[in-house]
Amino acid sequence: MTTDHLGNAENLDPYSSPKTFFGAELRRLREAAGLTQYQLGERVFCSRDYISRFESASRRPQPEVSRLLDEVLGSGEHLQRLCRLARLSKHPDYFADAADLEKHAATISEYAPMLVPGLLQTEAYARGLTRATLPYAAIEEVETHVAARMERGGRLDDPGAPELWAVLHEAALRVPVDGPEVMREQLDRLVTLGHDHSRVVVQVVPYSAGPHPLMYGTTLLMTFNDAPPVAYTEGAHTGQLIDDPALVAKFDRSYDHVRAAALPPRASLALIESVAKDYTSP
């Protein structure tokens with residue numbers, strides 16, 4: 001007999017957030033229909049684990065899956081409406097799913113070819129970067145993005161924060177964002193985190209390393225204690241969350257090559273310190 005993996009779904013307060021309410025309603029409708037998570041997953045073309053993560057609110061519901069769930073469970077557009085509420089986020093829609101999973105990650109491994117990763121950004125750097133990438137955005141929108149990024153980075157000091165391995169290309173150190181003072185502060189933060197934070201490792205891929213498998217864009221890999229790993233790739237105004245095991249494994253192997261091409265952590269921090277001096281006014 002197939003059993004369900006409810007995780008902590010039974011202990012969730014359904015009224016604590018739109019996401020937990022979606023999970024509670026999905027579980028209620030599924031049980032009323034006499035279906036296990038496995039059986040429901042088969043009918044909507046996803047895995048039992050996917051259904052379990054929706055019910056336990058460890059993953060945001062997806063619009064297309066919600067439509068199929070409504071069809072199978074005969075719930076009209078109930079879950080689709082709840083899905084729209086549950087998907088409201090401080091982050092851009094293309095990144096919101098990854099940001100949500102980031103909160104539950106045990107490890108995060110990121111490669112950034114041109115920019116300092118969001119988790120490691122200073123407020124001034126994040127603001128300058130946001131202004132550059134959203135040149136027509138209102139001040140309020142810019143500040144919303146900056147606040148969301150600072151909230152993400154602040155979680156690095158929380159108990160149980162993930163282990164973070166950040167690999168940057170040397171170009172990320174040399175693209176000036178909002179002037180030398182901002183860059184010096186940002187690079188100093190990288191050095192401080194790399195030296196002092198017990199759960200953060202920083203490496204730099206030097207120009208001399210040449211091409212490598214992830215040179216085309218930002219790549220984020222996340223592992224979890226109770227769920228399969230995922231990958232996330234991002235370009236301008238777009239991102240893709242990848243959970244296909246074979247494809248995630250390819251990204252993982254590519255990341256190993258990038259780490260091997262990078263300078264060792266101590267040498268990386270020395271390079272960052274050297275570049276930071278270039279931003280010091282004479």
Side-chain angles (χ1 to χ4, degrees), residues 15-22 57-61 83-105 108-166 168 172-173 175-194 196-197 199-200 202 217-220 222 230 232-241 279:
Y15 302 107
S16 61
S17 73
K19 192 169 62 170
T20 57
F21 190 66
F22 179 96
S58 61
R59 184 155 187 175
R60 294 200 317 161
C83 175
R84 286 194 289 272
L85 287 174
R87 290 188 63 80
L88 293 176
S89 174
K90 305 172 186 177
H91 304 282
D93 191 60
Y94 60 82
F95 179 64
D97 287 325
D100 196 56
L101 288 173
E102 192 178 73
K103 300 173 187 176
H104 306 285
I108 298 174
S109 302
E110 183 165 5
Y111 171 68
M114 294 293 291
L115 307 168
V116 173
L119 286 169
L120 304 180
Q121 290 177 10
T122 64
E123 183 174 339
Y125 182 94
R127 184 173 291 109
L129 192 60
T130 304
R131 285 173 177 162
T133 54
L134 299 174
Y136 303 110
I139 294 174
E140 293 78 9
E141 182 181 354
V142 171
E143 291 305 315
T144 296
H145 284 288
V146 173
R149 204 164 298 170
M150 293 302 97
E151 183 180 323
R152 287 175 58 215
R155 287 197 295 269
L156 289 177
D157 295 322
D158 291 346
E163 297 175 5
L164 173 63
W165 197 304
L168 299 72
L173 311 179
V175 175
V177 174
D178 248 23
E181 290 185 7
V182 171
M183 288 302 298
R184 177 62 188 260
E185 179 190 33
Q186 178 61 77
L187 298 189
D188 285 347
R189 173 167 169 74
L190 290 178
V191 172
T192 299
L193 287 169
D196 300 336
H197 202 296
R199 303 176 73 82
V200 175
V202 178
T218 297
T219 300
L220 187 68
M222 290 182 277
V230 299
Y232 171 79
T233 61
E234 184 174 294
H237 311 299
T238 185
Q240 182 181 13
L241 189 65
Y279 290 106

For this session: Identify, with sequence neighbours excluded, every residue that meets side chain to side chain donor-acceptor pair (under 3.5 Å) alongside Glu102.
Result: Arg152

Exercise. Got a second to check how far Leu134's CG is from Leu129's CG, nearest 0.5 Å?
Worked result: 9.0 Å

Problem set entry | Side-chain heavy-atom pair Arg149, Thr130 within 4.5 angstrom cut-off | yes

Problem set entry | Euclidean distance, Thr122 OG1 relative to Glu185 CD, rounded to 0.5 Å | 4.5 Å

For this session: Name all residues meeting the side-chain contact (heavy atoms from CB on, under 4.5 Å) criterion together with Ala166; count only those two or more places apart in sequence or in a different chain, and write none if there are none.
Result: Pro117, Leu120, Leu168

Exercise. With sequence neighbours left out, what residues match Phe95 under ring-ring contact (aromatic ring centres under 6.0 Å, His included)?
Worked result: His91, Tyr232

For this session: Give the minimum heavy-atom separation between Ala98 and Met222, together with the two atoms involved.
Result: O-CE, 3.8 Å

Problem set entry | Passing candidate, side chain to side chain contact (heavy atoms under 4.5 Å, CB included) with Leu193, options Leu119, Val200, Asp188 | Val200

Exercise. So, for Thr218 and Glu110, which heavy atoms are closest and what is the spacing to 0.1 Å?
Worked result: CG2-OE2, 3.7 Å

If you look only at distance, which donor and acceptor atoms sit under 3.5 Å apart when one is on a side chain in residues 141-148 and the other is two or more places apart or in another chain?
from: Glu143; atom 1: OE1; to: Arg127; atom 2: NH2; distance (Å): 3.1
from: Glu143; atom 1: OE2; to: Arg127; atom 2: NE; distance (Å): 2.8
from: Thr144; atom 1: OG1; to: Glu140; atom 2: O; distance (Å): 2.9

For this session: Could you please spell out the steps behind the side chain to side chain contact (heavy atoms under 4.5 Å, CB included) verdict for Leu164 and Arg199?
Result: CA-CA 6 Å; Leu164 173 63; Arg199 303 176 73 82; over 6 Å; no

Problem set entry | Rounded distance (nearest 0.5 Å) linking atom OG1 of Thr133 with atom CG of Leu115 | 8.5 Å

Exercise. Quick one: are Leu220 and Ser109 in side-chain contact, heavy atoms under 4.5 Å?
Worked result: no

Problem set entry | Which atom of Ala172 lies closest to which atom of Val116, heavy atoms considered | CB-N, 4.2 Å

Exercise. Can you name the salt bridge (Lys or Arg N to Asp or Glu O under 4.0 Å) partners of Asp178, sequence neighbours left out?
Worked result: Arg131

Exercise. Who passes ring-ring contact (aromatic ring centres under 6.0 Å, His included) against Tyr125, sequence neighbours left out?
Worked result: none

